[in-house]
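Naming: A, B, ... by sequence-line order, numbering from 1 per chain. Being a predicted model, the structure only gives us computed values, none of them experimental.
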2 protein chains.
Amino acid sequence: MTDAFEGKELDLVQNISVDCVVFGFDLNALELNVLLIERKKNPDYEYEDFFALPGNLIRQSETFDQSAIRVLKELTSIQDIFLEQLMAFGNPNRTYLKENDRKWLQTIRPQPDERVVTIAYYSLINLEKYKPTASSFAKKAIWMPVKDVPELAFDHSQILNKAFEALKLKLRTEPVGFNLLPRKFTLGQLQSVYETILGIELDKRNFRRKMLNKDILIQLDEKQKGVAHKSPYLYKFDQAKYEALRDQKFDFSL
Amino acid sequence: MTDAFEGKELDLVQNISVDCVVFGFDLNALELNVLLIERKKNPDYEYEDFFALPGNLIRQSETFDQSAIRVLKELTSIQDIFLEQLMAFGNPNRTYLKENDRKWLQTIRPQPDERVVTIAYYSLINLEKYKPTASSFAKKAIWMPVKDVPELAFDHSQILNKAFEALKLKLRTEPVGFNLLPRKFTLGQLQSVYETILGIELDKRNFRRKMLNKDILIQLDEKQKGVAHKSPYLYKFDQAKYEALRDQKFDFSL
DNA sequence: AGTTCAAAGTGTTAAGTTTACACTTTGATT
DNA sequence: AATCAAAGTGTAAACTTAACACTTTGAACT
C-alpha cells in the first residue's frame with residue numbers, strides 16, 4: 001500500500017468520483033484558463049503521464065457538492081468557491097481506455113479496475129486570487145490556457161469540452177462573466193471575457209450600453225492605475241440588485 | 001428471494017440508478033403530464049405506497065443513456081424516445097428518508113441499504129402516441145397531470161421539480177414544444193403548450209408571427225377535422241431545416 | 001517637455017423586433 | 001337558420017439592436 005491508500009479509504013465509495021472543471025481568466029494574455037493537476041507517478045511504473053482534472057472518489061457520507069469542494073481543496077488547495085454540477089459521465093470503460101490511466105489507478109486505488117462513474121462540476125473564479133498548490137496525489141496543480149490543453153486523462157477532455165459549452169451557454173444567458181474577474185474590473189476587461197470565451201468581436205459602445213442598462217453594475221469612484229493609456233473606471237457587480245431583478249425579468253442575456 | 005431478485009442482479013451496479021422524467025401534453029385537458037409508476041407491494045409489508053418515477057439500477061456494461069432507455073422500457077414499455085440527461089442526484093440519505101421507501105427496497109434489492117446515487121433523465125413525448133403498460137416491479141404505469149402529482153418516492157419530487165425547471169428553460173430557448181405534440185399539430189395547440197408550461201398568456205397574433213418567422217414549421221395542405229369551429233391548418237416541425245439554421249443563428253428563443 | 005501610443009469614453013441613425021390591440025371567417029352543433 | 005368557439009389576420013408605437021468614428025487621457029519614451 002502506498003501513501004495514497006492510507007486513511008479514509010474505507011469511507012470512500014469505490015465507484016463514484018467527482019471531477020472539477022475550474023475556469024479562470026488570464027487578464028494579461030486575455031485567455032481562458034483551466035485548473036489541471038499532474039499526477040504523482042509511482043516509481044515502479046514507467047509511463048508518460050497525462051494532465052487531469054482535479055477529481056477523486058466521493059465519501060460515503062458526503063453530498064456531491066461537498067465531495068467536489070473537498071476534493072478540489074485536497075488536490076489544489078483551492079477553497080471557498082462556488083461549484084455547480086455539470087453532469088454525470090459514466091461510460092463503462094472511461095477509466096480503462098488508456099494504458100497509463102489504468103497503471104496510475106493501480107497506484108492509488110484499492111480497487112483500480114472498478115467501473116467508476118464521475119459527477120463533473122464546474123466553476124468560474126478569479127485566476128489572480130486563487131493560486132493552486134498541489135497536494136495529495138497531485139504533483140503539480142496549474143492554470144493552463146484552454147486552447148493549449150493537451151489530451152487529458154480518462155474522459156477528462158470530453159468533460160472539459162462539455163464544461164466549456166456550458167460556460168458559453170451560461171455566459172450568453174446569465175451575468176456570470178464577473179466571476180472570472182477581480183471584484184473590481186473595467187468594462188474593457190469584461191468585454192474581453194465575453195469576446196474571448198464566445199470567440200466573437202463585440203462593438204465597444206453597444207457592449208457598454210447593454211451592460212450598463214442591465215443595472216447590475218456599480219461604477220466606483222476609482223480608476224485603474226498604471227495602465228499606459230487613459231485610465232478606465234472600475235466597476236463592481238451588484239449581487240443584491242441582480243438577485244432582486246432576477247425574479248422580475250427573465251432575460252439577462254448578452 | 002422474490003421475483004425481482006431473479007435474473008441479472010449480478011450484472012447490476014448496486015449503488016447507481018437512473019430515473020426518467022417523461023413529460024407528455026394532454027391536448028384535451030391542456031395539461032402537462034408526467035409518467036409515473038406505482039410500485040408492486042410485497043404482501044409481507046403493510047404500508048401506503050408512493051408513486052415514483054420509473055427508474056432502476058444500471059447494468060455494469062451499459063452507458064447511462066442505455067440504462068435509461070432500458071429501464072424505462074422495462075417498467076412502462078415505452079421505447080424509441082429521446083432521453084436527455086438532467087443531472088445526478090446523490091444525497092447520502094435519499095433512499096432512506098421515508099420508511100416505506102426502505103421497506104420497498106427490501107422487497108426488490110439484494111442490498112437494500114446501499115447508498116444509491118441516481119442519474120436523472122428527461123424527455124418530451126406525445127402522450128397520445130405512447131400508452132404506458134406496467135411490467136417488472138411496476139404495478140401500474142400512468143400519465144398524471146404534473147399539477148396533481150403527490151409526494152413521490154425517494155427524492156423523486158425534487159427530481160421532477162428540477163426536470164420541470166429544465167423543461168421551462170428549454171422551452172424558452174429551443175424549439176422543443178413540438179415534441180409534446182402529434183407530428184401534425186395546429187398553431188393553437190402549440191401555443192397552448194407554451195402557455196400551460198410557462199404559466200403565461202400569449203397574444204395569438206404575435207405568437208403565430210414569431211413561430212412562423214423562425215422558418216422551421218411547414219404548413220400542410222390539411223386541416224384539423226371534427227372541431228366545432230373553423231378548422232385550423234395543420235403544421236409539422238421541419239427538423240432538417242432547424243438543424244441547418246441552428247448552426248447559423250443562436251437564437252431560437254420564444 | 002513634447003511626442004507617441006493604446007485603450008477609454010462617447011451619440012446617433014436606421015433596421016429590426018416586440019408589444020398591444022379587435023374584428024371577420026369558418027365549420028360544427030343545436 | 002342561429003349559435004358557438006376558435007381560426008385567422010394587420011398596423012402603429014415603443015423598444016432594442018446594429019453599425020458606425022472621433023476625442024480624451026495617462027503612461028512611456030525620447
**Message:** Distance check needed: D:dC15 C1' versus A:K249 NZ, whole Å only.
**Reply:** 13 Å
**Request:** Not counting sequence neighbours, which residues clear ring pair (Phe, Tyr, Trp, His ring centres under 6.0 Å) with A:F23? List them please.
**Result:** none
**Prompt:** Which whole-number value in Å describes the distance from B:D251 CG to C:dG16 P?
**Reply:** 16 Å
**Asked** Looking at residues at least two apart in the chain, or sitting in another chain, which of them share a ring pair (Phe, Tyr, Trp, His ring centres under 6.0 Å) with B:F51?
**Response** none
**Request:** Return the value, rounded to whole Å, for the distance between atom CD of B:E201 and atom C1' of C:dT19.
**Result:** 15 Å
**Request:** Check the distance between D:dG8's P and B:Q191's CD and give it to me in whole angstrom.
**Result:** 11 Å
**Asked** Atom CE of A:M211 to atom P of D:dA18: distance rounded to whole Å?
**Response** 13 Å
**Prompt:** If you pin A:R205 and A:V227 to their nearest nucleotides in DNA chain D, which one's is more 5'?
**Reply:** A:R205
**Request:** Take the protein atom CG of B:D203 and the nucleotide atom C1' of D:dA14, then report the distance between them rounded to whole Å.
**Result:** 15 Å
For residues 223-234 of chain A, tabulate all N or O donor-acceptor pairs below 3.5 Å that involve a side-chain atom, not counting sequence neighbours.
none

**Prompt:** For A:F185, which of A:F178, A:F25, A:Y235 qualifies under ring-ring contact (aromatic ring centres under 6.0 Å, His included)?
**Reply:** A:F178
**Message:** Without decimals, in angstroms, what is the distance between B:K225 NZ and C:dT26 P?
**Reply:** 15 Å
Mind listing the N/O atom pairs, protein and nucleotides 2-7 of chain D, below 3.5 Å?
{"from": "D:dA7", "atom 1": "N7", "to": "B:K204", "atom 2": "NZ", "distance (Å)": "3.0"}

**Residue pairs, two or more places apart or on separate chains, that pass ring-ring contact (aromatic ring centres under 6.0 Å, His included) and touch residues 69-88 of chain A** = none
**Complete:** The ring pair (Phe, Tyr, Trp, His ring centres under 6.0 Å) partners of A:F89 (sequence neighbours excluded) come to none
**Request:** Can you tell me the distance, in whole Å, between the CG atom of B:N206 and the P atom of C:dG16?
**Result:** 19 Å
